[in-house]
There are 2 protein chains.
Amino acid sequence: MRISELSRRSGVATATIKYYLREGLLPPGRATAATQAEYGESHVRRLRLIRALIGVRGLSVSAAKDVLDAVSEYATDTHELLGLVFGVWPASGPAKDEDADDSEVGALLAQMGWKVSEHNPARDVITQTLQTLRSLGMDYDWHSLVPYAQLAEKTATLDLDQLEGPDDPLEKAERAVLLTFLLEPALLALRRLAQEAESTVRYRS
Amino acid sequence: MRISELSRRSGVATATIKYYLREGLLPPGRATAATQAEYGESHVRRLRLIRALIGVRGLSVSAAKDVLDAVSEYATDTHELLGLVFGVWPASGPAKDEDADDSEVGALLAQMGWKVSEHNPARDVITQTLQTLRSLGMDYDWHSLVPYAQLAEKTATLDLDQLEGPDDPLEKAERAVLLTFLLEPALLALRRLAQEAESTVRYRS
DNA sequence: CTATATTAGACAGTGCAGCTGCCCAATAGC
DNA sequence: GCTATTGGGCAGCTGCACTGTCTAATATAG
């Protein structure tokens, strides 16, 4: 199919498709002539994935590119893929503060018995959150996060269970990315729904 | 204190402080003369809160304003406050699709026994996520979310337990906002840490 | 085989968000 | 009185994610 049909099938404007091609998010079609290229089903699917990462999850274009590159490069090594993909955060991400004291996170990891890479940016996110909460006068340290960490552990178990299905490595890699990224807004939404329900029980009973 | 000291104490540039004043995120100081105003500790604290919502959580300036307005207006009614504050999502938020079929979310809520307002935007986030996952070929419906919802319920219980402390309504309101918004990136970070730890156990043992 | 439409590719331009710099008149403090 | 700082307003800047336009080459209908 040509670009106009690709546009119709995916719901993405042709100018935008060209932009994604330029930015390397979408692989080029098979050129059949100087001004003609042929696109396939994989392009439709890839475009939908791009729109999901950017539109639903809110990743920047360059963050989405990092994710997609990791998928195609490490499709066969789920563990390595997840490690790479964890480096991607929406927007600027955590403003990596070299002087930050992340020993608190270390204590939390030790308590939970989690073995985690030194430079997983999630460490910095937690360090920064704890610091911010304290700077706002809350009495909060890593101990307060332990119950949340236990729930996160169960969540992660659910996540990885769902990767057991597919044998095709590329499919498995895509599913890992979808479950990690696209589920994030949904998990936060579930928390808010549960908060409202619980708030009704406590304050409106 | 005057604006330059407020800038020094909060780490926010004076031009930016003026911008927040214009946008109504920060209440004006007490004017002592035509070109002089007096700021207090509450301004330092408020500025830190603004930076946390925008910089750490990634809210837009106008979304942060909505949150802050809700805090000062409904400080005495925690339930009402939470309801208002749930309307705030980072960036564009869910692209409210009127035609979307949210009966799936209804089924999920019924199953969980959650009573939730009709127009909580979290509903749309979940509807959209499910639709997107299916459009990408995953076999996913509300049943798949039930285990996550059960964990979200426990999370919400932890959250609301931490509101039991303060008697001062304003303090309670602020804490509700901090726990809901600032903890969101941290919870996602915990999930990613747990995913990496679990992935190590499963694929590198 | 001509006339009209479409396309790939390059690049400039647009719209918006979040600041940032600059100017001015009015103090503050010495 | 004199110099430095301030409040307030507004224009301008930067980065991002597109979007529109142009050109030459090609497809396709008549």
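Numbers restart at 1 for each chain; the letters A, B, ... are given by sequence-line order, proteins then strands.
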Rounded distance (Å) that lies between atom P of D:dC16 and atom CG of A:Leu25: 14 Å

Touch class at under 4.0 angstrom, heavy-atom based, for B:Leu21 against every strand present: nothing

Toward the 5' end of DNA chain D, by each residue's nearest nucleotide, A:Thr35 or A:Tyr20: A:Tyr20

Distance below 4.0 Å between B:Arg51 side-chain N/O and C:dG18 OP1 or OP2: no

Sugar-phosphate only, base, or nothing, as touched by B:Ser4 at under 4.0 Å among non-hydrogen atoms: sugar-phosphate

Residue A:Lys18, side-chain heavy atoms: nucleotide from C:dG29, C:dA8, D:dG9 that is nearest: C:dA8

Between P of D:dC18 and CG of A:Leu47, the distance in whole Å: 12 Å

Protein-nucleotide distance (A:Arg2, atom CZ; D:dA25, atom P), rounded to Å: 19 Å

Full working for salt bridge (Lys or Arg N to Asp or Glu O under 4.0 Å) between B:Glu153 and A:Arg191: CA-CA 7 Å; B:Glu153 191 166 58; A:Arg191 175 175 177 235; over 6 Å; no

Closest to the A:Val61 side chain, choosing from C:dG18, D:dC18, C:dT27: D:dC18

Ion pair A:Arg9/A:Glu41, N-O distance below 4.0 Å: yes

Residue of the set B:Leu183, B:Thr180, B:Leu188 for which side chain to side chain contact (heavy atoms under 4.5 Å, CB included) holds with A:Leu188: B:Leu188

Spacing of A:Glu38 atom CD relative to D:dA27 atom C1', expressed in whole Å: 13 Å

Sidechain N-carboxylate O distance under 4.0 Å for B:Arg204, A:Asp77: yes

Ionic contact status for A:Glu198 with A:Arg202, cut-off 4.0 Å: yes

Under-4.0 Å side-chain N/O to phosphate OP1/OP2 contact, A:Thr14 with C:dT7: no

Touch class at under 4.0 angstrom, heavy-atom based, for B:Ala15 against every strand present: base

Closest nucleotide among D:dT26, D:dT19, D:dT6 to the A:Ala13 side chain: D:dT19

Selected nucleotide, minimal atom distance to B:Arg22 side chain, candidates C:dT20, C:dG29, C:dT27: C:dT20

Sugar-phosphate only, base, or nothing, as touched by A:Arg30 at under 4.0 Å among non-hydrogen atoms: nothing

Of the listed nucleotides C:dT27, C:dA10, D:dA17, the one nearest the side chain of A:Tyr19: D:dA17

For atom NZ of A:Lys65 and atom C1' of D:dC16, their distance in whole Å: 17 Å

B:Arg123 and B:Leu109: CA distance, side-chain angles, deciding distance, side chain to side chain contact (heavy atoms under 4.5 Å, CB included) verdict: CA-CA 10 Å; B:Arg123 291 167 172 266; B:Leu109 294 175; 3.7 Å; yes

Whole-Å distance separating the CG atom of A:Leu26 from the C1' atom of C:dA8: 14 Å

Nearest-Å distance for atom pair CD/P, residues A:Gln36 and C:dG9: 10 Å

Rounded interatomic separation in angstrom, taking CD1 from B:Ile17 and P from C:dG21: 14 Å

First encountered from the 5' end of DNA chain D, between B:Ala34 and A:Thr32: B:Ala34

